[in-house]
There are 2 protein chains.
Amino acid sequence: MLSITCQTAIKAITYIASKYPENKKVGLKEIAIHINESEHTIGKVLQKLSKLSLISSHKGPKGGFFISKTQHNLPLLLIVKAIEGDSYFEMCGLGLSKCSDKHPCPIHKDFKPVRESFRKFCAKMTIGDLYSDLNVGNAFLIG
Amino acid sequence: MLSITCQTAIKAITYIASKYPENKKVGLKEIAIHINESEHTIGKVLQKLSKLSLISSHKGPKGGFFISKTQHNLPLLLIVKAIEGDSYFEMCGLGLSKCSDKHPCPIHKDFKPVRESFRKFCAKMTIGDLYSDLNVGNAFLIG
DNA sequence: ATAATAAAGGACAAGTTTGTCCTTTATTAT
DNA sequence: ATAATAAAGGACAAACTTGTCCTTTATTAT
């Protein structure tokens, strides 16, 4: 349902956020190990999130990625939209560009609620929520 | 959420099924016009569905694609699985191969119900259901 | 100031998905 | 039997996504 790039983004941001309580910055190398993805790939996607101010970063020694208190409270929705495109949660299930309640595709009526339930969960869940289970060992980013 | 190939498959099968009441076979050219996709592309995907007996076809003059009474009652789920793969509705939201209730990813708890609601709707809706609104002008395959 | 570190960014390489073309096979009608 | 029609199937081409590398820029510590 989500692209691999978006999955990587969420895993990376979750790891970064998990260090928020300790107020610790994390580097690409460290993230790569903990989410089991290539350092380069992660760098690419975090660059994008950083430019959009969904995460923060500092260059140089002792630099790395981290999230601010504001970013800690951002909904997952913003990350998904940043990677998948703004209209991701309005997409027709069959790819019609003008699909709507008035001009529906054959699965519109049933697909829309599914899409909406996904959107609602993404809108409700925050970056901070992502790591809470992780830090107590009840969720995992690898496996 | 669904691949373009799968969207094309559903649109094509919907058009084919829409001629079930008239007991009419339809050719690639005709399908192509009514779902606004290339004849070649449609041929490729229908070949697959045909081989899996999700649709029927006859070669030669007066040939074309059609669905049997049995196929008319098949759930949409089978088409989706045929194209997207059997494990489509078990996929982890973050792409982890071993994500489960016991070893969940950070979004597992919320993502699973969404995925399930999509699966349930695909399991419930039949090929026949797909075209009922279409034939009375309440649904569209183009636009 | 200089050197070392780490993200930013551009360029490109690989892989996957999607789309096209062409030949073969089966069926029908003459 | 022959010709015409239409799907089946294989091979390949284009497009898009994903992954990698290398250079640049900013920051820190010495």
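Below, all heavy atoms of this structure are taken into account, side chains as well, without hydrogens, waters or symmetry copies. First the proteins, then the strands, lettered A, B, ... as listed; each starts at 1. Here the structure is a predicted model, which means the values were calculated and not measured.
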Problem - Under 3.5 Å donor-acceptor, B/S3 side chain and B/C6 backbone - result: yes
Handout entry: Under the side chain to side chain donor-acceptor pair (under 3.5 Å) test, residues paired with A/S68 that sit two or more places apart
Key = A/Q71
Problem - For atom CD1 of B/I42 and atom P of D/dA7, their distance in whole Å - result: 11 Å
Handout entry: Atom-to-atom span, CG of B/L49 to C1' of D/dG9 - whole angstrom
Key = 15 Å
Handout entry: DNA chain C-proximal residues of residues 10-34 of chain A, any heavy atom under 4.0 Å
Key = A/V26, A/G27, A/L28
Completion exercise
side chain to side chain donor-acceptor pair (under 3.5 Å) filter on B/S53, not counting sequence neighbours, yields none
Problem - Donor-acceptor contact present, side-chain B/N135 to main-chain B/S18, <3.5 Å - result: yes
Handout entry: Enclosure of A/K109 NZ (heavy-atom neighbours >12, cutoff 6.0 Å)
Key = no
Exercise for the section: Would you kindly give the CG-to-C1' distance between B/L2 and C/dT17, to the nearest whole Å? Expected result: 15 Å
Problem - 5' precedence on DNA chain C between B/K62 and B/S3 (nearest-nucleotide basis) - result: B/S3
Practice task
Measure the distance from CG on B/L52 to C1' on D/dA8 and round it to the nearest whole Å.
Solution key: 14 Å
Practice task
Assert yes or no for the condition that the ring centre distance of A/F118 to A/F89 is strictly below 6.0 Å.
Solution key: yes
Practice task
Rounded to the nearest angstrom, tell me the gap between atom CZ in B/F66 and atom P in D/dA6.
Solution key: 15 Å
Practice task
May I have all residue pairs that pass ring-ring contact (aromatic ring centres under 6.0 Å, His included) and include part of residues 24-43 of chain A, sequence neighbours excluded?
Solution key: A/Y15-A/H34
Practice task
Going 5' to 3' through nucleotides 19-27 of chain D, assign each nucleotide B (protein heavy atom under 4.0 Å from a base atom), S (under 4.0 Å only from sugar-phosphate atoms) or - (no protein heavy atom that close).
Solution key: SBB---BBB
Problem - Residues which pass side chain to side chain contact (heavy atoms under 4.5 Å, CB included) with B/L96, listed by chain and number, not counting sequence neighbours - result: A/K11, B/C92, B/C99, B/C105
Fill in the blank from the handout: Applying ring pair (Phe, Tyr, Trp, His ring centres under 6.0 Å) to A/Y88 and not counting sequence neighbours gives none
Exercise for the section: Please work out which residues in residues 91-98 of chain A have a non-hydrogen atom less than 4.0 Å from an atom of DNA chain D and list them by number. Expected result: none
Handout entry: Pair A/T126-A/D129, side-chain donor/acceptor within less than 3.5 Å
Key = yes
Problem - Any pair counted as ring-ring contact (aromatic ring centres under 6.0 Å, His included), so long as it reaches residues 123-143 of chain B, sequence neighbours left out - result: A/H103-B/F140, B/H72-B/Y131
Problem - Relative orientation of the end axes in the helix from C/dA1-D/dT30 to C/dT30-D/dA1, expressed as an angle to the nearest 10° (five pairs per end) - result: 10°
Exercise for the section: Just compare D/dA7, C/dG9, C/dA7 and give me whichever is closest to any side-chain atom of A/Q47. Expected result: C/dG9
Practice task
Using a cut-off of strictly less than 4.0 Å, decide whether B/S57 has a side-chain nitrogen or oxygen near OP1 or OP2 of D/dA8.
Solution key: yes
Exercise for the section: Can you sort out the partners of B/E39 under salt bridge (Lys or Arg N to Asp or Glu O under 4.0 Å), two or more places apart, ordered by chain and number? Expected result: none
Exercise for the section: Applying ring pair (Phe, Tyr, Trp, His ring centres under 6.0 Å), name anything that partners A/H108, two or more places apart in sequence or on another chain. Expected result: none
